[in-house]
2 protein chains.
Amino acid sequence: MTTEAETHGNTRRAELLSIAAGLFAEKGFKNTTVRDIADASGILSGSLYHHFDSKESIVDEILSTFQEELFASYDAVLASDDDARTKIERAVHLSFEAIDKHRHEVAIFQNEADYLGGFGRFAYLAERNAQSREVWITLLDDGVRSGVLRSDLDIELTYRFIRDTVWVAVRWYRPGRKLTHERIADQYLTILLDGISHG
Amino acid sequence: MTTEAETHGNTRRAELLSIAAGLFAEKGFKNTTVRDIADASGILSGSLYHHFDSKESIVDEILSTFQEELFASYDAVLASDDDARTKIERAVHLSFEAIDKHRHEVAIFQNEADYLGGFGRFAYLAERNAQSREVWITLLDDGVRSGVLRSDLDIELTYRFIRDTVWVAVRWYRPGRKLTHERIADQYLTILLDGISHG
DNA sequence: GTCTATATAACGATAGAC
DNA sequence: GTCTATCGTTATATAGAC
């Protein structure tokens, strides 16, 4: 059961996290001060510490919450009985959908994971990275084995290209423009699967 | 004419710039303190200001020098009389070669251009970005017009995918390992031109 | 060209009143 | 839950001796 007070506290907390996420994504973790976050929230910097232990705790909560949701949806794709090609298409679409729905979180992970990973409390970021690699290697191996993908592929290199291209789109994608995330995913899959060459 | 004193001063200056570039690339511009740079150089932080005006001047010199060299080599490709496909292949190889020869500079540009671009003195970064876009759009347009590339391509989107995938490799590429930059470029061109799909 | 010493500002975080 | 007030630390940068 959830009391009204808890609900209200949670929405306020979520609001602060969302404001902080926008700033972290736009200016970077180190470039965003707790005063920046407080200003954007309409309160003073000291008041933030009623809600969070530290600046690190804020970005920690942003990233861990997002990662949990993201990998749950990857698991759903892996567990399905779709064929190899459909699974790859679903995984790609799922990633661009994450960029659309959670672009701040994706941007923070892309930009700050290396730096934050140096701190013990963010060790789960490296684990999630390894988990993501396993998902894609599985999908690509299945693709080659079932004859959907070319057998001369360097699987490891292909995985890196897919991972990089899919996530780096967060740098330029903005929701609400002409180019929807579904169309970007489709165009990307066309290039990835069939190439840009004629014939 | 260059005197010996100037030569010596320039090598020392180049040495400091190289040390700073490594730190900026590894830890980020904001996360690297002038004390970090001084420590790594075996001098004290105050002594750095004998060589450079400010921390910003250091990263400025790193980036502008690199950009000048990079775009000179792009121009050479554009000016050549190779066919469209060869030019695209040369441009891709050239980028992976830049990652190999100047990975710190590439990494700094990839990670910090957005943030630094906010300062007036780094306005040239946005100009170089536009220049890079023109190079690739020209190459892709020529490719479609000459029948080398598929005519149903979204040129703008294709350009972004190529740009992102080519440069983001700086995140994982390390020189001196089994995978050479030439082989990475070849594998990447195979995927880009022909796709990963079988048939 | 580097050192000693320090100015000056910004930062993350805390304590207690309201 | 926010404010006032401030502590302790760290950051960029400067001035002058050597």
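Convention: sequence-line order gives letters A, B, ...; per-chain numbering from 1. In this text the structure is predicted, and so the values were computed from the model without any measurement. Note that these values count all heavy atoms, side chains included, but never hydrogens, waters or copies made by symmetry.
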Practice problem: Please name the residue in the list A/V59, A/L16, A/I37 that meets the side-chain contact (heavy atoms from CB on, under 4.5 Å) test with A/F52. | Solution: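 Option passing the side-chain contact (heavy atoms from CB on, under 4.5 Å) with A/F52: A/L16.
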What is the nucleic acid contact for A/T32, judged by heavy atoms within less than 4.0 Å: base, sugar-phosphate only, or nothing?
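Since only primed, P, OP1 and OP2 atoms lie under 4.0 Å of A/T32, the category is sugar-phosphate.
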What nucleic acid atoms does B/S57 come within less than 4.0 Å of, heavy atoms only: base, sugar-phosphate, or nothing?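 It contacts nothing in the nucleic acid.
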Query raised in the report: Pick the nucleotide of DNA chain C nearest each of A/G46 and A/D36; which residue has the one closer to the 5' end?
Result: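 The 5'-side residue here is A/D36.
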Heavy-atom nearest nucleotide on DNA chain C taken for A/N31 and for A/D53; more 5' hit belongs to A/N31
Quick check, are the ring centers of A/F109 and A/F66 under 6.0 angstrom apart? no
For [N], take OP1 and OP2 only and decide whether either is under 4.0 Å from a side-chain N or O of [X].
| X | N | answer |
| --- | --- | --- |
| A/S47 | D/dG1 | no |
| A/Y49 | C/dA13 | yes |
| B/R35 | D/dT9 | no |

Between [N] atom [atom2] and [X] atom [atom1], what is the distance in whole Å?
| X | N | atom1 | atom2 | answer |
| --- | --- | --- | --- | --- |
| B/F52 | D/dT14 | CZ | C1' | 18 Å |
| B/I43 | D/dA13 | CD1 | P | 15 Å |
| A/H51 | C/dA13 | NE2 | P | 16 Å |
| B/F29 | D/dA11 | CZ | P | 14 Å |
| B/L48 | D/dT14 | CG | P | 13 Å |
| B/I37 | D/dA13 | CD1 | P | 10 Å |
| B/H50 | D/dA15 | NE2 | P | 16 Å |
| A/L44 | C/dA15 | CG | P | 18 Å |

Of B/S45 and A/L16, the one whose closest nucleotide on DNA chain D sits nearer the 5' end is A/L16
May I ask you to say whether [X] pairs ionically with [Y], meaning some side-chain N is under 4.0 Å from a carboxylate O?
| X | Y | result |
| --- | --- | --- |
| B/D82 | B/R90 | yes |
| B/D154 | A/R183 | yes |
| A/R85 | A/D83 | no |

